[in-house]
Number of protein chains: 2
Amino acid sequence: MVGKSASSVGVKEPSVSWGKVELLKAIAHPVRIMILDELTKGVKCVSDLEEFLDIRQPNVSQHLGLLRMHGIIDYYMDGRLRCYFLKDPFIPEMLGLLKKQYNEDFPAPVCCPVTKRGKYPGGRR
Amino acid sequence: MVGKSASSVGVKEPSVSWGKVELLKAIAHPVRIMILDELTKGVKCVSDLEEFLDIRQPNVSQHLGLLRMHGIIDYYMDGRLRCYFLKDPFIPEMLGLLKKQYNEDFPAPVCCPVTKRGKYPGGRR
DNA sequence: CATGCATATTCAAATATTAGAATATTTGAA
DNA sequence: TTCAAATATTCTAATATTTGAATATGCATG
């Protein structure tokens, strides 16, 4: 069962899947991020979100529909209310990352400074 | 200097900043994700990426330019090569998250099933 | 200082995203 | 059954993104 790790054997590391990139695209909108952040705190109905977001109801519904089509959220009915909730466990972790503060950038690689020639790690030249 | 935490006082939790949403948008493209994943492994010049991505050079440069404009990557010159490298420490963590496998969705909240009325947590009705 | 390699820029066409307006649907209550 | 509340859908105009083609730039080398 247990064998060499993928990297030790030269097998390709699992890369980011097409589906995950689609998910990223679906999330990458200020309104949808706010919706998701709100849903992290608990179930919300459309009119709650409408008030919170301060945008028009049809637009809220459009964003909710998009998120639902991607399997990121879902809803249940409560009377005439649609109670939306978070479905994808990836989302809270993603939001946590997005809220994290990073104080410094990575340093430039050692083969700088700029004008020093011939150090390209790939072997080309 | 030190005081109560934001949450203990009812102050709004820091939400996702506008800048972070912009960063998400910049990242949310299959080619750019591949570029970033590749740069995670080390410095790459444009023609290396061109070969790896199998798209035309001007297009590679366009994506690189976009990422650079967002402060996500930078480059140094090595002779006539532009050696691009990762600058934003957020990226590797994000890629790690994107590669993570999630086996189950969150369960629907307890106030289901659908027809049970009057349980909306927000108090409306 | 001319040449060629590595890369960037500009432009245009195709396509995708977004938000609003108008309208439709669904459900519970009277 | 009728009405009103809650939400969804459709259509459209504005805008943004993406790509390819053509071309330009910068630098190292002879």
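So you know, we letter chains A, B, ... as the sequences are listed, proteins then strands, and number each from 1.
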Residue-phosphate contact under 4.0 Å: A:Ser47 side-chain N/O, D:dT7 OP1/OP2: yes
B:Tyr84 side chain near C:dA6 phosphate (N/O to OP1/OP2, under 4.0 Å): no
Any side-chain donor near an acceptor of the partner, A:Glu51 and A:Ser47, under 3.5 Å: no
Heavy-atom pair of closest approach, residues A:Ser15 and B:Asp37: OG-OD2, 3.0 Å
Distance in angstrom units between B:Asn59 CG and C:dT7 P, rounded: 15 Å
Partner nucleotide, any strand, of C:dA30 [Watson-Crick/G-U, under 3.5 Å]: D:dT1
Value in whole Å for how far the P atom of D:dT7 lies from CD of A:Glu50: 8 Å
Residues within residues 62-71 of chain A bordering DNA chain C, heavy-atom distance below 4.0 Å: A:Gln62, A:His63
Residue A:Pro58, side-chain atoms from C-beta onward, closest of C:dA6, D:dA6, C:dA21: C:dA21
Spacing of B:Leu53 atom CG relative to D:dT18 atom P, expressed in whole Å: 15 Å
Pairwise 5' ranking along DNA chain C for B:Val60 and A:Arg56, keeping only the more 5' one: B:Val60
Distance, rounded to the nearest Å, where B:Lys44 contributes NZ and C:dT7 contributes P: 13 Å
Distance in angstrom units between B:Arg32 CZ and D:dT18 C1', rounded: 9 Å
d(CE, A:Met77; P, C:dT26) in whole Å: 11 Å
Donor-acceptor side-chain pairing of A:Tyr102 and B:Glu93 below 3.5 angstrom: yes
Protein-nucleotide distance (A:Tyr76, atom OH; C:dT26, atom P), rounded to Å: 21 Å
B:Tyr84 vs B:Leu64, side chain to side chain contact (heavy atoms under 4.5 Å, CB included): CA-CA, chis, key distance, verdict: CA-CA 8 Å; B:Tyr84 279 89; B:Leu64 289 170; 3.6 Å; yes
Nearest atoms (heavy-atom pairs only) where B:Ile35 meets B:His63: CD1-CB, 3.8 Å
Closest non-hydrogen atom pair between B:Lys20 and A:Leu97, with its separation: NZ-O, 4.4 Å
Any A:Arg82 side-chain nitrogen or oxygen under 4.0 Å from OP1 or OP2 of D:dA8: yes
Below 4.0 Å: OP1/OP2 of D:dT7 and any side-chain N or O of A:Arg80: no
Spacing of B:Ile55 atom CD1 relative to C:dT7 atom P, expressed in whole Å: 14 Å
Check: B:Gln57 side chain, C:dA6 base, donor-acceptor under 3.5 Å: no
Shortest non-hydrogen separation from B:Ala26 to B:Leu67 and the atoms involved: O-CD2, 4.1 Å
Polar side-chain atom of A:His70 near backbone of A:Ile72 as donor-acceptor pair, under 3.5 Å: no
Shared hydrophobic cluster for B:Ile91 and B:Phe52 (ILVMFWY, side-chain gaps under 4.5 Å): yes
Residue-level proximity of residues 23-31 of chain A to DNA chain D when a heavy atom falls under 4.0 Å: none
Distance under 6.0 Å and angle within 45° of ring axis: A:Lys44 vs A:Tyr75: no
Nucleotide forming a Watson-Crick or wobble pair with D:dT23, both distances under 3.5 Å: C:dA8
